[in-house]
Amino acid sequence: MLSKKIQAIRGMNDLLPEQSPLWQYFEGKVRDLMRRYGYAEIRTPIVEQTALFARSIGEVTDIVEKEMYTFEDRNGDSLTLRPEGTASCVRAAMEHGLLHNQTQRLWYQGPMFRHERPQKGRYRQFHQVGVETFGFEGPDVDAELILLTARLWQELGLMEHVTLELNSLGSLEARAAYRETLVAYFEEHHALLDEDSRRRLTSNPLRILDSKNPDMAAMLDAAPRLMDHLDAESRDHFAALTAILDDAGIDYVINPRLVRGLDYYSRSVFEWTTTALGSQGTVCAGGRYDGLVEQLGGKPTPAVGFAMGIERLILLLETLELMPAAARPSLDLYVLGMGEAASRAALLLGEELRGALPELRLQVHCGGGSFKSQIKKADKSGARLALLLGEDELAEGRVTLKFLREECDQQSLSREALVSALPELLAD
RNA sequence: GUGGAUGUAGCUCAGUGGUAGAGCCCCGGAUUGUGGCUCCGGUGGUCGUGGGUUCGAUCCCCAUCAUCCACCCCA
C-alpha cells in the first residue's frame, strides 16, 4: 500500500512520540553525567571531506571500503556522511586550536551513517554518544572513561546486564610488528584458513583470531599472542589501568581477541557488551588512539575515547523495562470550554495560568465538540485535573475543577482563587 | 554483499481458488453540561507492487520492493 508513496530510507528510522520520552530520559542522564565529570559538548557537521575518514579509519576497513555514504558536492569535492564521530572531533579540535598545549575532555552526540544491511540493533542512520579526551598520556584518564561509563550503567540500572572486556593492542609500532608476525604465521597455515579469514589477511588479520570457525580453533590457539608482543610501555600502561579498575571494584574480563575495527586504535581498548540484544551485543566501545592527531596533520597528542550506540542502549532499557515511570511526561491540567464564548475564554485562561504558574503543565482543548467528548479527551490526555468552563461558570466568574485520577468530588472555585488553589490541589 | 522468514483495516492478527473478518483504536448514541466500566451503532482495506496460470487469484507460480532475523562488519 505504501509502495507507491515515499517512505523512509531503508535502515533510517523515525523516532515516534511514544519512543521519544525514553530517548529524552537517556539523553538527559548522559548530559547530566558529562556535566558532573566536567566534559564539554562539541558539535560538528554531519558531512565532512571524504579524505578525513579514509585517512583516520583506514583505507582498507569495511567502513571506508563499502559502508560510507559518499557523494560529490556541486563543485566536485568528495563528501561523506560521517560513519563515526572521532575523526570529526579530532578535525574540529585541531582546526580551532583546542589541542594547542592543553588538555581537553569532550563529548558529543548525534547521528552516524553506515550503509550496512539493517538488523536488530544495527541501522544505516544510528546515533552515538561519543567521548574523547586529548593530551592525557597516562592510564588514569583511560580509567576515568571506564569509571564514567560504569557510573552511567549504574544509574540506568544496567550494571548487572553488561560486561566489560579489556585488551591492549600495544603501541602503533608494536602492533604493526605483531601484525606482520601474525600474517607470517597465517601464511604458513594458509591451507587451514577459511574463506573469510583469507580475505581478512589483508584487511584485518588481527580479526582472524576472533573467528568462530571450530576447524581453525587449534591453529588459532597456537598463534602468536598479542599480549606477548606488547612493548614495555604499553604493558606497564595496561597493568596500571587494570590496577586502578581493581581498586575501584570494577569487574572486567581480559579478552586477548578484542580487536577494534578501526585502524587508529592503539594500547588500551575496551568494550561493554550484553547478551540481551541478540547478535549486536556491543553497547559501548573505545580505546586509545595516540597516533591519530599526528596522522591527521597535528602535533603528536595522546588521546582516548569511546562511543556508545544509543539505539542499542535504548533497546536494552526497553527490553529490561528500566525507564522509571516518573520520566514519562504528563499533564497537570486539561482546560476545556463549552460553547464558543467559553472556548475562547478557556484559551485565554490557559495563557493566564501559564503566566502565573510557569511550572504548570497545561493543555487547552482545541477543536470544540460536545462536553462529553471534551472530557474524554481530558481523560485521554493523562492530565490529573480537568478545568471545566461552561456557560454557567463563565457567567459567574467561576471554574469547575474535576479530578480525573482519584475519587474526589469536583470543586467550584472563583477565578481569583484559582492561581493559589492549583498548586495545593496538585501537591503530592 | 550472502542466507532465512514475513507482507491482509491506524495497530495486533484470523481466513478461503468464487472480488474479506475479529480484537484493539477512532467517531456517534444510551446520559440537554461530565471521562474511565457496560451495551448499541458507525468510519475504515484496489489483501505490498507488477506480471503469469485460471472462466475467476488475497490464496497457486515468477519477478520486484519493503520489513525482520542471522552471516559479514560494527556502536
Side-chain angles (χ1 to χ4, degrees), chain A residues 1-11 13 16 18 57 61-67 82-86 109-131 149 194-197 199-200 203-204 207 210-213 258-262 270-274 277-287 305-316 334 336-339 342 365 367 369-383 385-394 400-407 409-410:
Chain A
M1 178 194 60
L2 283 172
S3 67
K4 282 177 183 168
K5 295 181 179 167
I6 294 174
Q7 56 189 68
I9 306 299
R10 157 177 275 202
N13 300 309
L16 300 177
E18 198 188 354
I57 296 169
T61 56
D62 275 15
I63 292 180
V64 170
E65 277 185 337
K66 47 195 193 200
E67 294 177 1
R82 63 183 185 195
E84 58 104 38
T86 302
Q109 188 247 55
M112 308 293 165
F113 303 84
R114 292 183 200 168
H115 192 104
E116 302 178 89
R117 271 298 261 282
Q119 72 184 72
K120 186 179 181 130
R122 192 178 70 186
Y123 311 100
R124 289 187 173 179
Q125 175 177 330
F126 62 102
H127 297 76
Q128 289 186 332
V129 170
V131 176
T149 52
D194 59 21
E195 197 185 335
D196 271 345
S197 299
R199 185 175 48 75
R200 288 179 188 138
S203 62
N204 196 344
R207 195 96 214 169
D210 214 5
S211 171
K212 293 161 191 158
N213 188 343
L258 176 59
V259 176
R260 315 273 28 267
L262 287 54
F270 67 93
E271 228 171 73
W272 289 93
T273 60
T274 177
L277 288 186
S279 74
Q280 307 302 322
T282 301
V283 115
C284 172
F306 66 81
M308 299 185 276
I310 302 184
E311 280 82 356
R312 291 182 185 178
L313 286 161
I314 293 289
L315 225 42
L316 198 51
Y334 192 92
L336 58 93
M338 195 53 217
H365 178 85
S370 67
F371 216 91
K372 181 193 176 97
S373 67
Q374 291 198 33
I375 288 179
K376 268 189 180 172
K377 291 272 168 55
D379 183 43
K380 281 245 159 55
S381 77
L385 281 175
L387 188 156
L388 316 184
L389 197 56
E391 280 157 18
D392 299 348
E393 285 89 344
L394 196 59
T400 298
L401 283 176
K402 181 180 173 65
F403 293 84
L404 296 171
R405 311 285 151 219
E406 47 233 295
E407 288 300 324
D409 290 337
Q410 62 186 35

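Convention: sequence-line order gives letters A, B, ...; per-chain numbering from 1. Quick caveat: nothing in here was measured; it's all calculated off a predicted structure.
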* Partner residues of A:Glu18 under the side-chain contact (heavy atoms from CB on, under 4.5 Å) criterion, sequence neighbours left out ->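 Residues passing side-chain contact (heavy atoms from CB on, under 4.5 Å) with A:Glu18: none at all.
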Donor-acceptor pair (no angle test) under 3.5 Å: [X] side chain, [N] base:
X	N	answer
A:Arg114	B:C74	no
A:Arg10	B:U67	no
A:Arg207	B:C74	no
A:Glu393	B:G33	yes

* Name all residues meeting the side-chain hydrogen bond (donor to acceptor under 3.5 Å, both in side chains) criterion together with A:Ser370; count only those two or more places apart in sequence or in a different chain, and write none if there are none. => A:Ser373
Measuring only the [atom1] atom in each nucleotide, how far is [N] from [M]? A whole number of Å is fine.
N	M	atom1	value
B:C60	B:A14	P	15 Å
B:C59	B:U53	P	15 Å
B:A57	B:U19	C1'	9 Å
B:C26	B:U46	P	22 Å
B:C47	B:C11	P	16 Å
B:G45	B:A22	C1'	14 Å
B:C13	B:A20	C1'	14 Å
B:G15	B:U6	P	13 Å

* Reckon A:Val283 touches a base, only the sugar-phosphate, or nothing at all at heavy-atom distances under 4.0 Å? ->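 Counting heavy atoms under 4.0 Å across all strands, the contact made by A:Val283 is with sugar-phosphate only.
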* Asked: Looking at residues at least two apart in the chain, or sitting in another chain, which of them share a salt bridge (charged side-chain N to carboxylate O under 4.0 Å, His left out) with A:Arg10?
  -> none
* salt bridge (charged side-chain N to carboxylate O under 4.0 Å, His left out) partners of A:Arg122, counting only residues at least two apart ->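 A:Glu116.
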* Asked: Between A:Thr282 and A:Glu271, is any side-chain donor less than 3.5 angstrom from a side-chain acceptor?
  -> yes
* Consecutive-pair stems (3 or more, Watson-Crick or G-U, under 3.5 Å) for RNA chain B ->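 Output for stems: B:1-7 with B:65-71, B:10-13 with B:21-24, B:26-30 with B:38-42, B:48-52 with B:60-64.
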* Salt-bridge test for A:Arg405 and A:Asp379: reply yes if a basic N is under 4.0 Å from a carboxylate O, no otherwise. =>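 Here A:Arg405 pairs with A:Asp379 in a salt bridge, since their nearest N and O are under 4.0 Å apart.
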* Structure fact -> Expected string for nucleotides 26-32 of chain B under the B/S/- scheme (protein heavy atoms, under 4.0 Å, primed atoms plus P, OP1, OP2 as sugar-phosphate) is SS-----
